[in-house]
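Worksheet for the structure shown next.
Residue numbers start from 1 in every chain, and the chains themselves are labelled A, B, ... in the order their sequence lines are given, proteins ahead of strands. In this text the structure is predicted, and so the values were computed from the model without any measurement.
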Amino acid sequence: MELINSDNKLKREFYTRDLLLVARELLGKIFVKEHDGEKLRGRIVEVEAYDGDIDEAAHTFRGLTKRNEIMFNEGGYLYVYFTYGAHYCCNVVTGIKGKGTAILIRGIEPLDGLSTMIKNRFDGRLPGEKDMHNLTNGPGKICQAFSISREHYGIDLTGNKIYLLEQPNIKTELIKVSKRIGIKKSVDLPWRFYIKDNPYVSKR
DNA sequence: ATCAAGATTACCT
DNA sequence: GGTAATCTTGATA
């Protein structure tokens with residue numbers, strides 16, 4: 001029996017809803033990337049929301065540019081950006097067309113394709129049990145483990161390269177909310193959501 | 001054309 | 001606790 005049913009992809013209507021609602025509901029969903037015929041899978045455990053209308057930290061705050069173009073599309077596309085000369089970060093675009101909103105994926109609990117992720121992150125050197133969380137507990141680390149980069153910019157999440165699988169929503173009492181990490185503007189917005197006590201949530 | 005900042009990470013003391 | 005690495009992007013001229 002298949003533990004994970006690959007036919008229950010989240011549909012467009014999931015993503016085109018309100019930013020903060022989608023952000024909370026992304027927790028617990030399964031992120032899948034088809035990687036050289038192999039499926040890399042993990043469970044989303046930490047996210048942050050960004051909204052260009054009122055949020056100075058959002059890449060869309062100052063209007064349309066070549067980089068942020070996909071964030072103004074309707075929900076259900078992948079926004080990938082490069083930062084600090086070294087790292088890619090991936091985001092889920094949300095809302096209706098014209099709204100510059102997206103959700104940064106900051107923490108994933110790996111489920112399938114562990115050996116490929118370990119190869120991508122640590123050149124195959126197996127981390128100790130105690131350090132396993134270091135595989136995917138941060139936005140740059142996730143992109144390295146899942147081998148996500150520039151070429152994945154704008155991918156349609158209702159397609160079959162990168163997509164999310166339906167899962168029951170996480171119970172409210174297990175969801176923690178906080179200020180976002182690593183930004184210098186709009187620092188007080190409580191738009192970071194994560195699953196309580198999960199070891200794959202990033203550190204400050 | 002030039003330049004400063006950045007939704008980070010790894011490594012140092 | 002602190003900070004260097006590294007390069008793309010967006011803003012300013």
Side-chain angles (χ1 to χ4, degrees), chain A residues 15 19-20 22-24 26-27 31 42 44-73 75 77-95 99-110 117-128 130-155 157 162 164 176-195 198-204:
Chain A
Y15 300 104
L19 171 71
L20 296 180
V22 178
R24 283 178 170 275
L26 275 184
L27 294 176
F31 182 93
I44 297 173
V45 300
E46 179 190 2
V47 299
E48 281 178 358
Y50 289 87
D51 179 350
D53 285 344
I54 56 170
D55 168 15
E56 291 190 71
H59 290 165
T60 44
F61 184 69
R62 287 172 183 81
L64 179 70
T65 66
K66 183 162 192 229
R67 176 174 71 155
N68 68 28
E69 184 178 21
I70 196 67
M71 275 183 74
F72 287 103
N73 208 334
Y77 292 86
L78 198 68
Y79 168 46
V80 179
Y81 67 88
F82 183 66
T83 191
Y84 291 105
H87 310 288
Y88 290 95
C89 296
C90 80
N91 302 251
V92 173
V93 176
T94 67
K99 265 223 166 291
T101 54
I103 299 161
L104 174 68
I105 300 183
R106 294 192 56 94
I108 282 187
E109 177 182 327
M117 294 186 204
I118 289 164
K119 195 171 94 189
N120 292 341
R121 277 277 295 142
F122 305 126
D123 200 27
R125 202 179 69 80
L126 197 68
K130 192 165 143 26
D131 297 320
M132 189 59 79
H133 60 270
N134 192 35
L135 198 55
T136 48
N137 64 339
K141 298 175 187 178
I142 289 168
C143 283
Q144 191 182 5
F146 281 78
S147 200
I148 291 170
S149 62
R150 176 167 278 325
E151 68 196 278
H152 305 289
Y153 180 96
I155 277 186
L157 295 173
I162 297 177
L164 303 186
K176 300 270 280 179
V177 183
S178 79
K179 295 175 183 180
R180 297 171 299 176
I181 294 178
I183 53 172
K184 297 204 173 94
K185 297 176 257 178
S186 298
V187 292
D188 289 330
L189 292 171
W191 286 359
R192 172 171 176 252
F193 304 93
Y194 58 99
I195 298 180
N198 189 286
Y200 291 90
V201 172
S202 68
K203 311 274 185 300
R204 282 202 193 259

Verdict with reasoning, A:Tyr88 to A:His152, per side chain to side chain donor-acceptor pair (under 3.5 Å): CA-CA 10 Å; A:Tyr88 290 95; A:His152 305 289; over 6 Å; no
Sub-3.5 Å donor-acceptor pair from the side chain of A:Arg121 to the main-chain atoms of A:Asn134, do we have one? yes
Shoot me the first and last contacting nucleotide of DNA chain C against chain A, ordered 5' to 3', at under 4.0 angstrom to non-hydrogen atoms. C:dT6 to C:dA11
Using a heavy-atom cut-off of under 4.0 Å over every strand shown, decide if A:Leu104 touches base, sugar-phosphate, or nothing. base
Mind calculating the distance between CG (A:Asp131) and C1' (B:dC11) to the nearest angstrom? 14 Å
Write down the distance between CZ (A:Phe82) and C1' (B:dG6), rounded to a whole number of angstrom. 11 Å
To the nearest Å, give me how far apart OH (A:Tyr84) and P (B:dT8) are. 6 Å
Grab the CZ-C1' distance between A:Phe61 and B:dG6 for me, whole Å please. 17 Å
Quickly work out the A:Glu46 CD to B:dT8 C1' distance and round it to whole Å. 13 Å
Would you classify A:Arg180 as touching base, sugar-phosphate or nothing, given that sugar-phosphate means primed atoms plus P, OP1 and OP2, and contacts are heavy atoms under 4.0 Å? nothing
Just to confirm, is there a sub-4.0 Å distance from OP1 or OP2 of B:dT8 to any side-chain nitrogen or oxygen of A:Arg106? yes
Check every strand shown and say whether A:Arg192 touches a base, only sugar-phosphate, or nothing at a heavy-atom separation below 4.0 Å. nothing
Looking at A:Asp131, I want to see if its CG is surrounded by more than 12 non-hydrogen atoms of other residues, nucleotides or ligands under 6.0 Å. yes
Rounded to whole Å, please give me the gap between NE2 in A:His87 and C1' in B:dT8. 4 Å
Under a 3.5 Å distance rule, please check whether A:Asn68 uses its side chain to pair with a backbone N or O of A:Gly63 as donor and acceptor. yes
Whole angstrom value for the distance that separates C1' of B:dT9 from CD1 of A:Ile181: 13 Å
Donor-acceptor check, side chain of A:Glu109 to backbone of A:Val45, threshold 3.5 angstrom: yes or no? no
What is the separation between atom CG on A:Asn134 and atom C1' on B:dT8, rounded to the nearest whole Å? 13 Å
Considering every strand and a 4.0 Å limit on heavy-atom distances, what is the contact class for A:Ala86: base, sugar-phosphate, or nothing? nothing
Check for a donor-acceptor pair, side chain of A:Tyr153 on one end and backbone N or O of A:Arg67 on the other, with a separation under 3.5 Å. yes
Pairing pattern in dot-bracket form [Watson-Crick, G-U; both distances under 3.5 Å; | = partner strand] for DNA chain B: ||||||.|||||.
A:Gln144 (side chain) donor-acceptor with A:Asn120 (main chain) under 3.5 angstrom: yes
Counting distance only, does the side-chain N/O of A:Arg180 pair as donor-acceptor with the main-chain N or O of A:Ala49 below 3.5 Å? yes
Under the 3.5 angstrom rule, does the side chain of A:Tyr194 hit a backbone N or O of A:Ser178 as a donor-acceptor pair? no
Does A:Lys184 make a side-chain N or O approach to OP1 or OP2 of B:dG6 shorter than 4.0 Å? yes
